[in-house]
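Residue numbers start at 1 and run along the sequence shown.
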Amino acid sequence: MKKVLIISSSLRGGSNSEILAREAQKGAQDAGNEVEFISLKGKNIKFCIGCLACQKTYKCVQNDDMADLILKVQNADALIFATPIYYYEMSGQLKTFLDRCNPLFAQENNFKDVYLITSSYDDAPNASDRAINGLKGWIECFAQSKFSGAVVGGGVNDPKDAARREDLLKKAYELGKNI
């Protein structure tokens, strides 16, 4: 059994990326894993100010919701990030979240496998490449971790389109099931 943490970065409730993330959650739970789902919607997450104090203290100087979230990331065995694609890149919310995980850089962390789920209007196979590469850059900072896969949900634009896409739902479920 693994501890799986799912971070959904869409600020739209019931978004396409969240629908796919929830499907991955079902798969991971069906496989017997302990799964926690967190939405960044409504969370108070400030931008990293680049002071690097966290490299010595192992915690951020800012007082917001990230302190608890960082501990959850640190203690998870597997991470699944879900993001809508904005201008062919991950959402600003996810990028800010990843930047604020800077206190983890100088510490021991449990997470080994990191996954990404995306949703985008564009259904081109490379529509999520920049988001995937951005996440891979973050992962490179953690020697124990690796990029373990993605579900690229292209061709979904209107709210809840993903719920009608059996192909994407199956891929997301299988991602979770195979962690």
Side-chain angles (χ1 to χ4, degrees), residues 2 4-31 33 35-43 45 47-48 69 73 76-102 111-179:
K2 293 182 181 176
V4 178
L5 179 64
I6 301 172
I7 303 288
S8 175
S9 66
S10 178
L11 299 183
R12 181 172 67 187
S15 70
N16 289 307
S17 60
E18 185 174 299
I19 289 167
L20 297 175
R22 289 287 186 186
E23 201 64 23
Q25 178 184 15
K26 289 178 195 171
Q29 288 170 330
D30 287 351
N33 295 300
V35 183
E36 183 173 4
F37 185 98
I38 296 173
S39 173
L40 298 185
K41 182 180 179 188
K43 299 282 189 228
I45 300 175
F47 294 111
C48 177
L69 297 173
V73 170
D77 298 312
L79 303 171
I80 301 173
F81 295 106
T83 184
I85 296 298
Y86 298 149
Y87 299 102
Y88 297 96
E89 183 54 274
M90 70 178 72
S91 69
Q93 297 82 245
L94 181 55
K95 177 63 171 115
T96 298
F97 179 89
L98 295 174
D99 288 347
R100 287 293 306 285
C101 286
N102 203 30
F111 59 90
K112 307 253 182 308
D113 296 304
V114 183
Y115 302 85
L116 183 65
I117 295 173
T118 67
S119 65
S120 65
Y121 176 80
D122 192 339
D123 64 354
N126 64 344
S128 295
D129 284 0
R130 288 180 187 98
I132 292 169
N133 285 333
L135 183 60
K136 285 180 177 179
W138 182 80
I139 294 167
E140 282 292 316
C141 296
F142 303 99
Q144 82 286 351
S145 302
K146 70 181 187 302
F147 182 73
S148 297
V151 171
V152 175
V156 294
N157 188 41
D158 293 327
K160 308 212 185 313
D161 271 355
R164 296 182 285 280
R165 290 283 304 275
E166 290 299 322
D167 59 327
L168 297 178
L169 294 170
K170 182 178 180 185
K171 287 178 183 178
Y173 179 86
E174 291 299 320
L175 181 142
K177 182 95 172 166
N178 293 316
I179 289 179

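- In this structure, A21 and F37 approach most closely via the heavy-atom pair CB-CE1, 3.7 Å.
- The closest donor-acceptor contact from the side chain of R165 to the backbone of G154 lies under 3.5 Å.
- To the nearest 0.5 angstrom, Q29 atom CD is 11.0 Å from I179 atom CD1.
- Between the side chain of D122 and the backbone N or O of A124 there is at least one donor-acceptor pair closer than 3.5 Å.
- Taking NZ of K112 as the start and CG of D77 as the end, the distance is 7.0 Å to the nearest 0.5 Å.
- Looking at I117 and I6, their side chains never come closer than 4.5 Å, going by heavy atoms from C-beta outward.
- A 4.5 Å side-chain heavy-atom check between R130 and Y87 finds every atom pair outside the cut-off.
- Side-chain contact check for L98 versus L135: some heavy-atom pair is nearer than 4.5 Å.
- A 4.5 Å side-chain heavy-atom check between T96 and L40 finds every atom pair outside the cut-off.
- The side-chain contact (heavy atoms from CB on, under 4.5 Å) test applied to E140 returns no partner, not counting sequence neighbours.
- Residue T118 forms a side chain to side chain contact (heavy atoms under 4.5 Å, CB included) with just one option from L20, N16, I85, and that option is I85.
- Separating the CZ atom in F97 from the CD1 atom in I7 is a distance of 4.0 Å, to the nearest 0.5 Å.
- With rounding to the nearest 0.5 angstrom, the CG atom of L175 is 14.0 Å from the NZ atom of K170.
- Applying the side-chain contact (heavy atoms from CB on, under 4.5 Å) rule to N133 yields the partners K136; only residues at least two apart in sequence or on another chain are considered.
- In this structure, K171 does not pair ionically with D167, as no charged nitrogen and carboxylate oxygen lie closer than 4.0 Å.
- With a 6.0 Å radius and a threshold of 12 heavy atoms from other residues, nucleotides or ligands, F47 has its CZ atom at or below the threshold.
- Salt-bridge check for E174 with K177: failed, with every basic side-chain N at 4.0 Å or more from each acidic carboxylate O.
- Here the side chains of Q93 and Y86 are in contact, with some heavy-atom distance below 4.5 Å.
- Nearest heavy atoms, I19 versus K160: CD1-CA, 3.6 Å.
- Using a 4.0 Å cut-off between charged side-chain N and carboxylate O, R164 and D161 make a salt bridge.
- Looking at residues two or more places apart in sequence or on another chain, you find a side-chain contact (heavy atoms from CB on, under 4.5 Å) between F142 and L104, N109, F111, W138, Q144, S145.
- Here the closest heavy-atom approach between residue V73 and residue C101 is recorded as CG2-SG, 4.5 Å.
- Atoms OG and CD, on S10 and E18 in that order, are 7.0 Å from each other to the nearest 0.5 Å.
- A heavy-atom distance below 4.5 Å is found between the side chains of I38 and L5.
- Counting only N and O atoms by type, the side chains of T83 and S91 include a donor and acceptor under 3.5 Å apart.
- Side-chain atoms of K2 and D113, non-hydrogen and from C-beta on, do get closer than 4.5 Å to each other.
- Between M90 and S9 there is no side-chain heavy-atom pair separated by less than 4.5 Å.
- Between the CD1 atom in I139 and the CG atom in L116 there is a gap of 8.5 Å [rounded to 0.5 Å].
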